[in-house]
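Have a look at the structure below, then the notes.
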Amino acid sequence: MTNHDAPVAGHDEGQKDAASRRSGAADPRHPSPSDLTRHEKAALTSGADVWHTKALPRVGVESIMMTDGPHGLRKQAVGGDHLGLGDSEPATCFPPAVALGASFHASLVRRVGEAIGAEAVEEDVAIVLGPGINIKRSPLCGRNFEYLSEDPLVSGVLGAAMVDGIQSNGVGASLKHFAANNQETDRMRVSAEIAPRPLREIYLRGFERVVKTASPWTVMCSYNRINGVYASEDRWLLTDVLRGEWGFDGVVVSDWGAVNDRVTGLVAGLDLEMPGGSGHTDAQIERAVDAGEFDESSLDAAVARMLDLVRRAANRPAPTGALDVDEHHRLAREVAGRCIVLLKNDDDVLPLARDARIAVIGAFAEHPRYQGAGSSQINPTRLDSALEEMRALAEAEVTYAPGFVRDSERGAAAAASREKDADALRDEAVGRAADADVAVVFLGLPEATESEGFDREHIDLPADQLRLLDAVRAANPRTVVVLSHGGVVALPFADDVPAIVDGSLLGQAGGGATADVLFGLVNPSGKLTETVPQRIEDTAAFGNFPGEDGHVVYGEGILVGYRWFDARQIEPTFPFGHGLSYTTFSYGDAQATVRNGDVVIRVPVTNAGARDGREIVQVYASLANSRVARAPRELAGFESVEIPAGATREVEIVVRRDDLAVWDVRLDRWRVEGGQYDFHVAASSRDIRSTVSLQIDVDPGRVPLSRESSLGEVLADPFAAQLVRQTIQAFADQMPGIANVLDDEVMMSLMSSFPIGRLVGYGGMPITTEKIDELIAVANAGPDALGGDRS
Ligand code: BGC
């Protein structure tokens, strides 16, 4: 058989193999790349259609299906599109990542992953395209609802839990979007210009954690470029870092349409182009190998990984037909309850009394906004409305007025008619509020204002909603605001209403969960994973987002999110990590010890109120006098703990030594700086309850000296300083003036930035290049080489 006539097949034919697997017949064939023709190899490394890989019937390789992700399944039975346009099979819509993150609870997130994985098994889907763990660099990113946090520890820990949960079913996850895909504007071309430290410490750190701790079957490379190179063609990213440094052994799949040049991508480490179907780029691969343009071993490596993936997928359990849809809905409600953030609750306006006369206002109460638009849009199995669920729990009448129109009509005529409607709707709502004990106003972002594919232009709620709120609270000061939104919104009314409940996007059971929290059946425990700014102008990327002419400069460096607000001492409306409960928690004194290199923080936390509750205890690390620029505080650990009313729990939080490291650009690796670290145990990034200090040893390894090293750097190395002193003493006879130069503070502050290589001949110094090179060589070899002690 020649390279070009080996049959490859699409999904349907591949399913015959799947059927034989389901019948339990063992497949004796485990082909390796050498069993495949070049044509088959090229075919296997691109998709058959929008959702499937190709089958190779000759060698028993079946087609597997991938489906979005991330907060439920979007399996399309017929046709396919990756923009969330077409129909998909009903599936449980769990809270999207924007909400899920607020639980700060890995085991809860894992349970969601398990449930999604179980639904994947039932739908015969081999790989779930999620989680998405990109950092929320700017509140304007249109896709922030699909991401977990502005902090890499939160993204990494919870992203790993999601992968673990999905994969515990024997199906795969796809960690996305790798990497630095932090905006939608020009997402398919823009180059994110990022310096090494923020790239490693902020944008790659979460991915590194998930890959190392949860081993996702696949990683999805992003559309954008990073420092000029397409992620899909970035050998440094896909091979050196992902596989070489982090040990990833799975398949790199392209985001849908992210392949710019297939051959370059393949050589860089991209295994699977998605979608596929035309065979056009497969032919490019074949031609390039024929022409000797690249070594076939790159293709073989990708093929080996693909074969491995298909083999893993073939071992997944067969559908049982026993999926309990109601049970998953119940789980979605429980989880959504854990994701709601109580931002404010003056005078204990909440929880609502069951017999209170309640006016529910705002169209979102009746027609919930519960997920974002684009590829992650799920067709829910059921959909709860907060209004109905509140009525089900209430013991008195719950009145309702929509208050505003939820539409996306554009144009002057539509706006004028909306304005007219708005007056009437507002008057109706005010009437209801005036007659009630309490008004609960559901505000939020219209669907059309945020989505995959474009960014937002501002962070404001619609003006008619804000006007409505003003009118309602004038009629009834006991006004509670409930928010629905994917991206963060400005809250100009934060000081003017007694209570704010942040529901972000809660999934299909969010209505029930909101009712549970409002009536106190669930005590709220979520905390913000993203700072709520007063103004977009206060945020880190403002002025540098979304860039222009194909480039976006990450000028804020490592100061992303709360790191920026803390460093600049900017007051947010609500800080990262903030969230209240219907009870209060008091913290005792924290203690810190070292266990296996990690820092273990222990702190007693007391539930000082009358209700059982859950607290998310956070630990932020600081190092004063760091050699490099740092944020004042960086999240280093967190735990979500259930504490019964009146009880005290000893909370233990492990801060991994690795999480204290900074990226040392001189050594091109992670390094823990030595010094006295402060560990702040906190209820939010701005609510520190106890601080404990600990001396941490530096990681071994030193930066080699060179002629470019400054005098200051050389003298900072005790052994090298000793050599310099000896050298100067040797010259003192010829130049008596320099004998005490090292002890002359003024002189040293003037000279400390002088590269030592340039001392040759400077000011008549009798030192030669050879002598300097010798000094450098001895210093770099270290005192052990001389048989002496290094002090
Ligand atoms: C999105 C991915 C998604 C893929 C398939 C792309 O537009 O960026 O997140 O998994 O489509 O739907």
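As the structure lists them, so they are numbered: ligands from 1, and atoms in each ligand from 1.
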So, 4.0 Å and heavy atoms of R187: is ligand 1 close enough to count as a contact? yes

D255 side-chain N/O to A258 backbone N/O, donor-acceptor pair under 3.5 Å: no

With sequence neighbours left out, the residues meeting side chain to side chain donor-acceptor pair (under 3.5 Å) with Y554 are N182

Does an N or O anywhere in Y223 fall below 3.5 Å from an N or O of ligand 1? yes

Mind checking the CZ-OG1 spacing from R456 to T185? Nearest 0.5 Å is all I need. 12.0 Å

Under 4.0 Å from a heavy atom of D255: give me the atoms of ligand 1 that qualify, with their elements. 1 (C), 2 (C), 3 (C), 4 (C), 6 (C), 8 (O), 11 (O)

Within-cut-off N or O pair, D68 and ligand 1, under 3.5 Å: yes

Checking H177 against Y147: is there a side-chain donor and acceptor pair closer than 3.5 Å? yes

Identified side-chain contact (heavy atoms from CB on, under 4.5 Å) counterpart of S174 within the set V251, V253, V128: V253

Taking heavy atoms and a distance under 4.0 Å, where does M220 meet ligand 1: side chain, backbone, both or neither? side chain

Please check whether H177 reaches ligand 1 - meaning an N/O of the residue sits under 3.5 Å from an N/O of the ligand, judged on distance alone. yes

Taking C-beta and beyond as the side chain, do L307 and P33 meet within less than 4.5 Å on heavy atoms? yes

Using ring centroids (six-membered ring only for Trp), state whether W236 and Y230 fall under 6.0 Å. no

Within reach of ligand 1, part of M274 (heavy-atom separation under 4.0 Å): neither

Taking 4.0 angstrom as the limit and counting only heavy atoms of K176, give me the atoms of ligand 1 inside it, by number and element. 2 (C), 3 (C), 9 (O), 10 (O)

As an exercise, identify every atom of ligand 1 less than 4.0 angstrom from a heavy atom of W51. 5 (C), 12 (O)

Examine ligand 1 and decide if any of its atoms is less than 4.0 Å from a heavy atom belonging to E452. yes

Please confirm whether R143 comes under 4.0 Å of ligand 1, counting heavy atoms of the residue only. yes

What residues, two or more places apart in sequence or in another chain, satisfy side-chain contact (heavy atoms from CB on, under 4.5 Å) together with D460? H458, A490

